[in-house]
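Read the structure below first, then the notes.
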Number of protein chains: 2
Amino acid sequence: MSDENFDLTLFLPYLLNQAAEASSLEFQKIYKERYGMLRTEWRVLFHLGLYGRMTASEIGQRANMHKTKISRAVQKLTERRFVTRARDDADRRVEHLALTAQGQAAYADLHSVAQHYDAGLTAELTPSERETLQQMLLKLSSMRPDTFT
Amino acid sequence: MSDENFDLTLFLPYLLNQAAEASSLEFQKIYKERYGMLRTEWRVLFHLGLYGRMTASEIGQRANMHKTKISRAVQKLTERRFVTRARDDADRRVEHLALTAQGQAAYADLHSVAQHYDAGLTAELTPSERETLQQMLLKLSSMRPDTFT
DNA sequence: GCTTGTTAGTTACAAAAACAACTATTACAA
DNA sequence: TTGTAATAGTTGTTTTTGTAACTAACAAGC
């Protein structure tokens with residue numbers, strides 16, 4: 001039963017985790033040191049920078065983040081004047097979030113860092129490898145595997 | 001300066017994190033439900049199952065886990081009779097860890113689950129894609145990128 | 001109008017992770 | 001020896017996360 005040519009160090013969830021951690025370590029340092037941000041905060045910032053005005057739920061859906069995480073990230077970001085909140089007039093439950101000038105500046109800075117960082121990471125891959133990697137990661141990201149007993 | 005054909009949703013650390021989380025979700029449920037294990041505990045178990053008797057530091061090096069995480073994981077695993085500890089006679093600081101019969105059984109079970117789970121994940125990839133993915137993830141895992149300012 | 005259900009977001013409490021300081025043991029050099 | 005540094009592992013404290021319960025606002029049927 002135990003297939004010997006199955007190496008657990010090549011187990012995809014494990015490998016992905018290792019690669020994800022290793023690859024985000026240095027970048028993490030940068031947004032932490034420069035802006036005192038957590039991963040959740042950086043993600044909210046980058047969604048707002050990328051897509052413009054959004055609500056917390058919209059960010060949650062796109063980023064696969066739980067609403068409490070977002071709530072807390074937004075709180076920190078507003079405290080530090082990176083983000084503003086505006087109640088929707090029609091539906092007063094929803095809040096529209098947007099970057100302040102300061103938030104835009106931080107986003108622009110980190111966007112550029114990310115760009116160089118990413119280039120550094122992929123430097124060792126050929127363009128086609130890079131493309132394939134992206135496609136596969138996107139596929140895996142959207143997968144919801146069920147019962148594997 | 002801001003290269004418009006750089007899409008942050010394709011930023012490698014982000015993509016890797018998304019893929020890693022999505023791909024480990026269901027597997028996580030299994031070892032949690034069946035054995036009440038945390039990720040750290042599962043990792044220690046699988047290292048011992050895979051390599052046999054090891055010390056905590058050895059596991060730490062291989063798995064890129066901090067020693068406190070391992071210490072606590074080992075504590076839980078010994079409490080639940082999955083792992084035994086044995087002091088080294090020559091150097092009484094080090095402890096050799098090993099799986100009990102019960103630990104072996106759990107490992108065998110989860111190994112088999114992992115095998116099927118992994119097969120399910122890679123089902124949509126061609127063997128060569130799978131191979132390429134592995135190679136790239138291994139490369140990224142071992143990378144220590146520096147200053148990308 | 002009023003119930004009942006749903007959605008957006010927050011808050012409170014418990015679980016887990018990160019980080020620093022600690023003990024015990026060994027190594028090694030003055 | 002004995003004093004200093006290094007290593008293996010643990011413990012304590014602070015952050016961060018996860019989970020569940022909550023408030024407020026809307027929606028829809030009656």
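These numbers come from the heavy atoms of this one structure, side chains and all, not from hydrogens, waters or symmetry mates. Each chain gets a letter, A, B and so on, in the order its sequence line appears, and its residues count up from 1.
Here the P atom of nucleotide C:dG9 and the CD1 atom of A:I70 are 9 Å apart, to the nearest Å. Counting to the nearest Å, the P atom of C:dA17 and the NE2 atom of B:H66 are 13 Å from each other. Rounded to whole Å, the distance from CG on A:L97 to P on C:dG9 is 7 Å. Here the P atom of nucleotide C:dA16 and the CZ atom of B:R43 are 15 Å apart, to the nearest Å. Rounding to whole angstrom units, NZ of residue B:K32 and C1' of D:dT19 are separated by 10 Å. Rounded to an integer number of Å, the gap from CZ of B:R87 to P of C:dT26 is 9 Å. Across the protein-nucleic acid pair, A:H96 atom NE2 and D:dA25 atom P stand 15 Å apart, rounded to whole Å. When the P atom of C:dA17 is taken as reference, atom CD of B:E41 falls 9 Å away, rounded to whole Å.
When heavy atoms are screened at a 4.0 angstrom cut-off, B:A90 is found touching the sugar-phosphate backbone but no base atom. Among the atoms of the strands shown, only primed sugar atoms or phosphate atoms (P, OP1, OP2) are found under 4.0 Å from some heavy atom of B:T55.
Side-chain contact between A:R43 and B:N17: present, with at least one pair of heavy atoms (C-beta onward) separated by less than 4.5 Å. Using a 4.5 Å heavy-atom threshold, the side chains of B:P13 and A:D118 count as touching.
Side chain B:R92 to base C:dT25: no donor-acceptor pair is found below 3.5 Å. Within 3.5 Å, no donor on the side chain of A:R85 pairs with an acceptor on the base of C:dG9, nor the reverse. With hydrogens and angles left out, the side chain of B:R39 and the base of D:dG18 share no donor-acceptor pair within 3.5 Å.
For A:Q75, whose side chain is taken as the heavy atoms from C-beta onward, the closest listed nucleotide among C:dT11, D:dT10, D:dT17 is C:dT11. Considering only the side chain of B:L38, C:dA16 comes nearest among D:dG9, C:dA16, C:dA8. For A:K67, whose side chain is taken as the heavy atoms from C-beta onward, the closest listed nucleotide among C:dG9, D:dT17, C:dA8 is C:dG9. Taking every side-chain heavy atom of A:K69 into account, D:dT17 is the closest of D:dT17, C:dT6, C:dC19. The listed nucleotides are C:dA8, D:dT10, D:dA8; the one nearest the side chain of A:V94 is C:dA8. Side-chain atoms of B:S57 lie closest to D:dG9 of the nucleotides D:dG9, C:dA24, C:dA8.
Two rings, from B:F11 and A:F46, have their centers 6.0 Å or more apart.
Between D:dG18 and A:T68, no contact under 4.0 Å exists linking OP1 or OP2 to a side-chain N or O.
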(request) Could you give me the CA-CA distance, side-chain angles and deciding distance for A:E26 and A:K29, then say whether salt bridge (charged side-chain N to carboxylate O under 4.0 Å, His left out) is met? (result) CA-CA 5 Å; A:E26 289 298 318; A:K29 266 189 204 157; 3.1 Å; yes

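Enclosure of atom CZ in B:R53 is not indicated, since only 12 or fewer non-hydrogen atoms of other residues, nucleotides or ligands lie within 6.0 angstrom.
If you find the closest nucleotide of DNA chain D to A:K76 and to A:D91, the one lying nearer the 5' end belongs to A:K76. Nearest-nucleotide mapping onto DNA chain D: of B:R72 and A:D88, the residue sitting toward the 5' end is B:R72.
Only one option out of A:Y107, A:F82, A:Y35, A:F27 pairs with A:W42 in a ring pair (Phe, Tyr, Trp, His ring centres under 6.0 Å); it is A:F27.
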